[in-house]
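These notes concern the structure reproduced below.
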Amino acid sequence: MTNNNGIVEILLVEDNPTDAELAIRSLKKSGLANNLVWVKDGAEALDFLFCKGSYAGRDTGCIPRVILLDLRLPKVDGMEVLRTIKSNDHTKHIPVVVLTSSKEDRDITESYELGVNSFISKPVEFEAFAKTVAELGMYWLLINHPPVITGK
Amino acid sequence: MNKIFNAFLLKFTFQRQLGITIALGILVLALFSSVVGSWQANQRVQGNLLEQGLHITESLARQSALALIYVSPDNAAEAAAATLDFPGVVGVEIRDANRRVLLRRGNTDPAEFPLQMKRADGADKNGTTNTAVLDAESQNAWRFVAPVYSQPASSPFQEEAAPELLGTVTVVVSKAELIQMTTGIFVANLTTSFSFALLILLLIRFLTNRMTQPLNQLSSIMGRAEAGESQVRAVLAGPKDIANMAHAFNSMMAVLEERAAEISQLNTDLERRVAERTNELAAANQELESFSYSVSHDLRTPLRAIDGFSRILLEDYAGKLDDEGTRLLNVVRDNTSRMSQLIDDILNFSRTGRLELTFSRIDMEKLAHTVLAELPPEVTGGNLQVEIEAIPPTKGDSAMMHQVFVNLLSNAIKFSRVKETASIKVGAYTGGGETVYYVQDNGAGFDMQYANKLFGVFQRLHGVTEFEGTGIGLAIVKRIVNRHGGRVWAEGEVGKGATFYFALPTPPQQQS
């Protein structure tokens, strides 16, 4: 899924292919999907970040600018992925945006307790959804300044 | 007097009351009977003594005739000595017709009887009686007097001559014997009565002991039972009525213990059942929560796909779709939007039932103003007049009460849009321990026969095209108000408007 230069800007963790397709389409329309990696469950997301399993050969120093994380995921669920990312020195600086259908208070509270950087509830209506995804891509990739990570 | 009697009845034990009463009674009776008895004896003995005194005096008078005729005291000495030998006789005196003393023995001197002598009945002043009379009486003695006449000749040849008064004899009889006897009888009577009274008192003491001791035992046992001791039983002893009482007490205790055991059993059962139900409820609640969580996550995703791909179809294949195709796709998208709204509403409704209430004082008037100001312009736009009266505060969950006003005010505004000027009023009144708040509008109103349907989930009285909404707003209002211990109702008339009421218990410090 990575492009040739190995740079990853967005890691999209989404098990639902239609949601993923709608998100990628929206980002593409804003020209933000060039360096996007899409993984379909929590385990794959962790493999990618820590260069294990099918991503064993990947350069660990190459980390995404932002992670878009769904909460309801097969194998390892979104909260667990978030906890692992934020409790690891290597990955805790990566901005994580929870992008989920849920508006449940407990999801929001727990996410922030684990150190999420933003919590976005996916609008059902497509126009609103497309606009939201495009805006958050724009914000995290173009407006926000990430810390300088010195990879090992 | 009454006070003393009451104190007597209250302060002393039954046993002492009975003892004192009977002792006093017997004492009075003993005194009375002794006095009466000795008086009667006194009367009888006195009568005898008087009669004896008269006889003695007459006898002396007869024997003194010769001595008087011959003026010879020696002649009478023997008779006087014989008279003095009679018990009680203390003095004898013989006088001649001229009242000169012929003979005196013993004590007949009036000076020896210093108390006033009195004339007894039957002795006239001239002393012209034929027989002895009780001449006078003092406290200690009687004085008898008898005239002495010459002996009439018993010869048949001689004419009967009138007897000649020769003199008088006087006999003094002491009352000492009478007094001694009377006193003796009185003392004996009194002694007997007192002994008898003492005996009866002892008997009463024994009987009352026999009665009060089991009573005291019973009362101490009752005291123990009252203090909470279990399995307390009275001993079936003492008189029959006390034993009956003890038996009744025992039966009562048995019944009470049985009841207590039943209640305790019921309580245990109840607690167990409450615990079971609580667990079941907790499980059901848990299930409901995970259900709504799933709904929240999973039902939206396919909706987004339907909406998203319809939109993509419209964007990417616009050239290949005719107007009808475009319209149909837009119908699909409208319905996904409506479905999404329904999901949001049902989740909201479910949340109002699950969230814990945090009670605080709420300024309802301020809250109504705040809610009105917060309503989006598309709701509050147009010709709108809202009047919020001075309404009392309440106690409740402020976020939930906020929701109540949001729903009621936006409803009122929504249904008043049919009028040129929407006129809405928020007011309240109190009574019967509750405060009734209401939101009144001059809008579309409703038919009262459907009033009971208004507060049902997804119940609507108007078509979607007429007024938007899913029909959850009033159901949420009802649920919130019910959770606050209140009630809701509505009044309305088609075309004239509607009033929605919610009554909440008036906070205690506000009740006058």
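Numbers restart at 1 for each chain; the letters A, B, ... are given by sequence-line order, proteins then strands. Only a predicted model underlies this, so the values are computations on that prediction, with no experimental measurement involved. In what follows, every heavy atom counts, from backbone to side chain, and hydrogens, waters and symmetry copies are set aside.
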- line: Ordered numerically, the heavy-atom neighbours of chain B under 4.5 Å found in residues 17-28 of chain A are A:Thr18, A:Asp19, A:Glu21, A:Leu22, A:Arg25

query: Near B:Arg273 CZ, under 6.0 Å, is it more than 12 heavy atoms from other residues, nucleotides or ligands?
result: no

- prompt: How long is the span from the OG1 atom in B:Thr336 to the CZ atom in A:Phe126, to the nearest 0.5 Å?
  reply: 12.0 Å

- prompt: Is the count of non-hydrogen atoms from other residues, nucleotides or ligands lying under 6.0 Å from B:Asp322 atom CG greater than 12?
  reply: yes

- prompt: Hey, what do you get for CZ (B:Arg311) to CD (A:Glu127), rounding to the nearest 0.5 Å?
  reply: 4.0 Å

- prompt: What do you reckon, is OH of B:Tyr450 surrounded by more than 12 foreign heavy atoms closer than 6.0 Å?
  reply: no

statement: All heavy atoms of B:Arg304 vs all of A:Pro123, minimum pair found to be CD-O, 3.0 Å

message: What part of A:Asp70 gets within 4.5 angstrom of chain B, counting heavy atoms only: side chain, backbone, both, or neither?
response: neither

message: If I measure from the heavy atoms of chain A, does B:Glu315 come under 4.5 Å with its side chain, its backbone, both, or neither?
response: side chain

query: More than 12 non-hydrogen atoms from neighbouring residues, nucleotides or ligands closer than 6.0 Å to CD on B:Glu280, yes or no?
result: yes

query: Counting only heavy atoms not in A:Lys122, do more than 12 sit closer than 6.0 Å to its NZ atom?
result: yes

task: Return yes when atom OH of A:Tyr112 has more than 12 non-hydrogen atoms of other residues, nucleotides or ligands closer than 6.0 Å, and no otherwise.
output: yes

- prompt: Using non-hydrogen atoms only, which part of B:Thr301 is less than 4.5 Å away from chain A: side chain, backbone, both, or neither?
  reply: both

